[in-house]
Amino acid sequence: MSKGVLLIVSGPSGAGKGTVCSEYMKRRPETFLSISATSRSPRPGDEDGVTYFFKTREQFEKMIEDDGFLEYAEFCGNYYGTPKEPAIKAINDGRDVILEIEVQGAYKVKEKCPDAILVFVLPPSPDVLRQRLTGRGTESPDVIEKRIGEAHREILRGANYDYIIVNDKLDLAADKLEIIADAEKIRVCRNKEYLQNVWDLKE
Ligand code: ADP
Ligand code: 5GP
C-alpha cells in the first residue's frame, strides 16, 4: 500500500490555517489532522483533545524526554509539538496527514520526512490579517501586536516552502489544498511500484 501524503500547513496566526484545514477535513474526512500538544492556555472555543492536548510545561518536557514528539518548538513563549506515533501510523496506513504547525517545526519534520509538502497560508494583506485577528476576538490587543510582529518573521522564514495559498475566499483556498494533495499523488517518484509491476521498468 502506498504511503499517505504528509501536508504541513503553516502561516501567520490569523491567516486562516485552522479554517482552511477544517474546510478540507469536511471534504476529505479520511485525512488524519494531527492534534498537537501545547503548554499555552486554552482560548475560548478550545477543547482539550480536540483542538489541542493542553499540558503544563512540566508535562510537555516529560513528553520531550520520552521522545514522544515528531517535532516541537517554542512559539510566543509556549511549547507546541506534534505527537509522533499517531501521525507516523496514519501515513504508514496510507492516510494523508495534515500538520498545522509553525515554520521551525515544519523544517524539522522536512528533515526527518523529505517527502513532506510545505504549504504556506497567507491572508491577502497585512490589513486583512489584523482584521481577522481582531475579529476572531480570542486574543488581547497586546498579544495581537506580538502575533503581527511574529507574522513578518514567519513569512521570511517560510521562503523555502513548496506552495503558497492566499486565503481570500475560503472555498478557493481549500480547493488549492486539494489540488496540492492530488498533484503530489501523481508524481513519478510516488508511482514507482506501478511502473515496476505493470511496465516492468527497473530503476
Ligand atoms: P489561524 O488558524 O491561521 O490562526 P483562523 O483559522 O483561526 O487562523 O482564522 C482567523 C480568523 O479569520 C477567524 O475568525 C476565521 O473565521 C477568519 N477567516 C479565516 N479564513 C477566512 C476567509 N477566507 N475569509 C474570511 N475570514 C476568514
Ligand atoms: P495558536 O496558539 O494560534 O493555536 O498556535 C500558534 C502557532 O503554533 C501556529 O502557527 C500553529 O500553527 C503552531 N503550532 C500548533 N501546533 C504546533 C505543533 O505541534 N508544532 C509546532 N511546531 N507548531 C505548532
Side-chain angles (χ1 to χ4, degrees), residues 6-26 32-55 60 63-64 68-88 97-113 116 118-140 143-144 146-158 161 164-177:
L6 176 55
L7 294 168
I8 303 186
V9 177
S10 308
S13 185
K17 303 176 294 294
T19 308
V20 173
C21 290
S22 300
E23 175 61 26
Y24 185 92
M25 290 303 294
K26 278 189 214 154
F32 178 81
L33 179 62
S34 167
I35 301 173
S36 298
T38 183
S39 65
R40 86 150 159 73
S41 311
R43 290 194 295 240
D46 271 330
E47 208 181 317
D48 192 30
V50 178
T51 48
Y52 282 104
F53 296 108
F54 291 97
K55 306 283 176 194
F60 198 102
M63 285 180 75
I64 297 173
F69 291 115
L70 182 57
E71 63 71 38
Y72 71 92
E74 266 200 278
F75 180 86
C76 288
N78 296 305
Y79 282 127
Y80 294 84
T82 305
K84 186 157 62 178
E85 296 302 331
I88 298 293
V97 169
I98 297 184
L99 309 182
E100 191 210 307
I101 65 178
E102 53 67 66
V103 174
Q104 307 167 66
Y107 287 135
K108 286 187 209 159
V109 177
K110 182 79 182 175
E111 264 177 38
K112 290 186 187 170
C113 312
L118 303 182
V119 181
F120 210 69
V121 175
L122 283 178
S125 68
D127 279 350
V128 175
L129 177 61
R130 191 181 294 267
Q131 282 163 22
R132 286 189 185 164
L133 276 175
T134 311
R136 188 167 70 182
T138 50
E139 275 110 331
S140 58
V143 173
I144 289 180
K146 205 169 162 188
R147 282 179 181 251
I148 287 173
E150 191 63 33
H152 281 98
R153 286 189 285 280
E154 187 86 347
I155 291 166
L156 287 175
R157 290 191 208 112
Y161 269 50
I164 283 186
I165 295 180
V166 177
N167 173 26
D168 188 357
K169 297 270 177 284
L170 177 60
D171 273 2
L172 295 182
D175 286 350
K176 286 177 185 158
L177 197 52

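Each ligand, and each atom within it, is numbered from 1 in the order the structure gives.
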*Any chance you could measure Leu133, atom CG, to Leu129, atom CG, to the nearest 0.5 Å?*
5.0 Å
*Which atoms of ligand 2 have any heavy atom of Gly81 under 4.0 Å away?*
18 (C), 19 (O), 20 (N)
*Near Arg40, which atoms of ligand 2 are under 4.0 Å from a heavy atom of that residue?*
1 (P), 2 (O), 4 (O)
*Backbone N/O of Gln104 and side chain of Glu71: donor-acceptor pair under 3.5 Å*: no
*Would you check ligand 1 and list the protein residues that come within less than 4.0 Å of it by any heavy atom, ordered by chain and number?*
Pro12, Ser13, Gly14, Ala15, Gly16, Lys17, Gly18, Thr19, Glu100, Arg132, Arg136, Asn167, Asp168, Leu170
*Any sub-3.5 Å donor-acceptor pair from Thr38's side-chain atoms to Tyr79's backbone N or O?*
yes
*Starting from atom 11 (C) of ligand 2, find the nearest protein heavy-atom neighbour and note its residue, name and distance.*
Glu100 O, 4.1 Å
_When you measure from the side chain of Asn167 to the backbone of Ala15, do you find a donor-acceptor pair of N or O atoms at a distance under 3.5 Å?_
yes
*May I ask you to check if Lys84 and Tyr72 form a cation-pi contact, with NZ or CZ under 6.0 angstrom from the six-membered ring centre and within 45° of the axis?*
no
*Return the residue, atom name and 0.1 Å-rounded distance of the protein heavy atom closest to atom 1 (P) of ligand 2.*
Tyr52 OH, 3.5 Å
*Nearest protein heavy atom with distance in Å, relative to atom 3 (O) of ligand 2*: Arg147 NH1, 2.9 Å
*What are the two closest heavy atoms between Ala37 and Phe69, and how far apart are they?*
CB-CE2, 3.9 Å
_Atoms of ligand 2, numbered as shown, that sit under 4.0 Å from any heavy atom of Ala73_ = 22 (N)
*Does the distance from a Lys or Arg side-chain N to an Asp or Glu carboxylate O, for Arg147 and Glu150, drop under 4.0 Å?*
no
_Short N or O distance, Tyr72 and ligand 2, threshold 3.5 Å exclusive_ = no
*asked:* Under a 4.0 angstrom heavy-atom cut-off, which atoms of ligand 2 come close to Phe75?
replied: 6 (C), 7 (C)
*asked:* Is it the case that atom CZ in Arg40 sees more than 12 heavy atoms from other parts of the structure closer than 6.0 Å?
replied: yes
*Which atoms of ligand 2 sit under 4.0 Å from any heavy atom of Gly105?*
22 (N)
*Shortest protein heavy-atom distance from atom 19 (O) of ligand 2, along with the residue and atom involved*: Ser36 OG, 2.7 Å
_Over 60° means perpendicular and under 30° means parallel, so tell me whether Tyr161 and Tyr107 are parallel, tilted or perpendicular._
perpendicular
*Nearest protein heavy atom with distance in Å, relative to atom 20 (N) of ligand 2*: Glu71 OE2, 2.7 Å
*Within a distance under 4.0 Å of any heavy atom of Thr82, pick out the atoms of ligand 2 and give their elements.*
19 (O)
*Would you please determine whether Lys108 falls within less than 4.0 Å of ligand 2 on a heavy-atom basis?*
no
_Protein contact of atom 23 (N) of ligand 2 - nearest heavy atom, named by residue and atom, plus distance_ = Glu102 N, 3.1 Å
*Under 3.5 Å, is there a donor-acceptor pair between the side chain of Lys55 and the main chain of Tyr80?*
no
*With sequence neighbours excluded, what pairs up with Phe54 under the ring pair (Phe, Tyr, Trp, His ring centres under 6.0 Å) test?*
Tyr52
*Please confirm whether the backbone N or O of Leu70 pairs with a side-chain atom of Lys112, one donor and one acceptor, at under 3.5 Å?*
yes
_Salt-bridge present (Glu23, Lys26; N to O < 4.0 Å)_ = yes
